[in-house]
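What follows is one structure encoded as structure tokens, with my remarks underneath.
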Amino acid sequence: MSVKDRLRLERIDGWRWKIPRTGAMRTDGIIYAAEKMLDAIRQDQAMDQVANVACLPGIVGYSMAMPDVHWGYGFPIGGVAAFSVDEGIVSPGGVGYDINCGVRLMTSHLQALELGAEKIRDLVTALFRNIPSGVGSSRKDFKLSEAELDGVLLKGAQWAVSKGFGDALDLERIEEGGCIPWADPAQVSAKARARGRSQLGTLGSGNHFVEIGVVEEIYEPKTAEVFGLFQGQLTVFVHTGSRGLGHQVCDDFIRVLLKSTQKYGIDLPDKQLCCAPVASLEGQSYLGAMGAAANFAFANRQMISHWVRETFEQFFGQSSERLGLSLLYDVCHNMAKIEEHVWQGQRRKLCVHRKGATRAFSAGHEAIPEAYRSVGQPVLIPGDMGRYSYVLVGTDRAMEDTFGSTCHGAGRVLSRHQAVKSAKGRSIVKEMEDRGVFVLGASKATLVEEMPEAYKDVSDVVEVVAQAGISRPVAKLRPLGVMKG
DNA sequence: ATGTCC
């Protein structure tokens with residue numbers, strides 16, 4: 001039941017493209033993109049995936065793709081889709097393998113450019129020593145007991161803070177307060193638990209990183225002030241997720257939900273869209289397991305922040321309070337959540353899937369920390385390691401058009417394989433140094449796969465979401481030093 | 001993303 005050959009793309013305006021409903025599609029697809037991005041989007045089949053998602057039962061609104069969209073397992077990465085909790089489904093493919101992959105941004109009182117390249121290099125080297133990274137990395141200094149792991153799965157970052165990793169203020173600055181309350185640790189398999197026990201507080205691999213940057217440009221001074229951002233400021237980005245535990249949860253539940261797809265008579269254009277009704281036992285089990293894995297990721301980022309602070313304290317010989325290392329915000333970009341939204345004048349309870357997409361709630365929403373509520377939710381958009389990152393803010397338009405969602409990053413244009421091929425004979429580390437970015441990676445291969453030209457320019461991505469009005473740029477950051485997995 | 005093939 002492929003819809004592939006019949007797909008058309010119609011321009012809505014300068015930044016939105018419609019895939020008109022056809023075949024088994026239950027609604028239109030909408031792609032947010034600049035015209036120059038469309039070839040790449042067609043080429044890697046992301047467009048077919050947007051259309052496929054539109055075939056799923058109970059979809060409300062449109063099957064949407066953000067400008068950083070690219071091919072993913074079943075659903076595209078950069079995809080947003082909401083489903084009725086009564087007639088709709090939940091799907092592991094709509095969340096991704098790295099459950100609650102996300103980013104957090106820490107600010108400081110430091111002027112970044114006063115440090116100089118040598119100090120940045122030493123600082124990154126120190127971070128690299130204190131935070132395990134790479135595929136299969138684990139902490140040598142501790143392994144969680146089964147009871148402690150239950151605490152992590154149930155309480156997320158709240159568990160980490162209760163053990164002395166960070167403070168209560170951190171929790172206010174994390175999406176969901178750093179804890180998914182509907183998490184159900186009992187749904188997490190023994191195998192997933194075993195993978196998680198030694199991996200809490202580790203970075204992982206791929207595009208995960210800890211990055212020291214500088215605020216280079218402020219677009220909205222008032223909002224920047226509310227977020228605690230100023231020109232020239234040293235910042236720290238942390239990008240990681242739920243490691244092997246989340247991966248295993250996804251793997252486990254894809255098997256379960258392949259069966260439920262049949263059991264509930266759901267017709268799919270692609271098996272990778274396997275799913276279950278939100279209200280079914282299987283759907284609820286997956287949501288419970290996903291929530292627990294999400295809590296693992298929240299705790300992971302919280303603990304890494306602690307070691308970032310500790311590293312800075314040792315490096316500068318000052319307390320992290322004095323250095324002003326406070327958490328601006330922590331966002332999820334691989335999640336499905338039950339949220340209330342007004343769609344076409346009706347208040348609806350929806351299961352909103354954001355896979356490689358960021359929540360972007362507008363000013364006044366009760367889910368936003370009080371300190372930021374007057375301006376809107378901070379949206380953190382890391383780019384590739386050589387160019388820029390952005391801080392945006394959520395808008396009313398996002399609430400109206402995208403269930404309060406926006407992009408999550410630059411988005412790949414080269415596959416990992418293509419990147420390796422095109423980087424043959426080059427030194428990416430040297431090229432990065434020439435750009436003024438010191439890079440230290442656990443794996444040389446990963447650095448090559450992550451080189452800037454493997455990604456779209458994040459500025460182009462941000463321009464599209466800004467034009468479309470689904471978030472507003474607040475500040476642009478430039479990387480100075482990066483540790484990669 | 002991922003003990004990148006149980």
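A quick note: this is a predicted structure, and the numbers were derived from the prediction, not measured. Lettering follows sequence order; numbering is per chain, from 1.
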Using atom NE2 of His208(A) as one end and atom C1' of dT2(B) as the other, report the distance to the nearest whole Å. 10 Å
Between dT2(B) (P) and Asn300(A) (CG): distance, integer Å: 10 Å
Quick one: list whatever passes ring-ring contact (aromatic ring centres under 6.0 Å, His included) with Phe312(A), sequence neighbours left out. Phe316(A)
Listed partners of Phe75(A) passing ring-ring contact (aromatic ring centres under 6.0 Å, His included), at least two apart: His353(A)
Scan Gly96(A) against the nucleic acid and name what it touches under 4.0 Å (heavy atoms): base, sugar-phosphate only, or nothing. nothing
Within the structure shown, what part of the strands sits under 4.0 Å from Gln199(A) by heavy-atom distance: base, sugar-phosphate, or nothing? sugar-phosphate
If you take any heavy atom closer than 4.0 Å to DNA chain B, which residues from residues 240-253 of chain A end up in contact? Arg243(A), Gly244(A), His247(A)
Is it true that the side chains of His408(A) and Asp68(A) contain a donor and an acceptor less than 3.5 Å apart? yes
Check whether any side-chain heavy atom of Phe298(A) sits under 4.5 Å from a side-chain heavy atom of Ile174(A), and report yes or no. yes
Would you say Leu258(A) and Ile254(A) make side-chain contact, with heavy atoms under 4.5 Å? yes
Carboxylate-amine/guanidinium proximity below 4.0 Å for Lys143(A) and Glu148(A): no
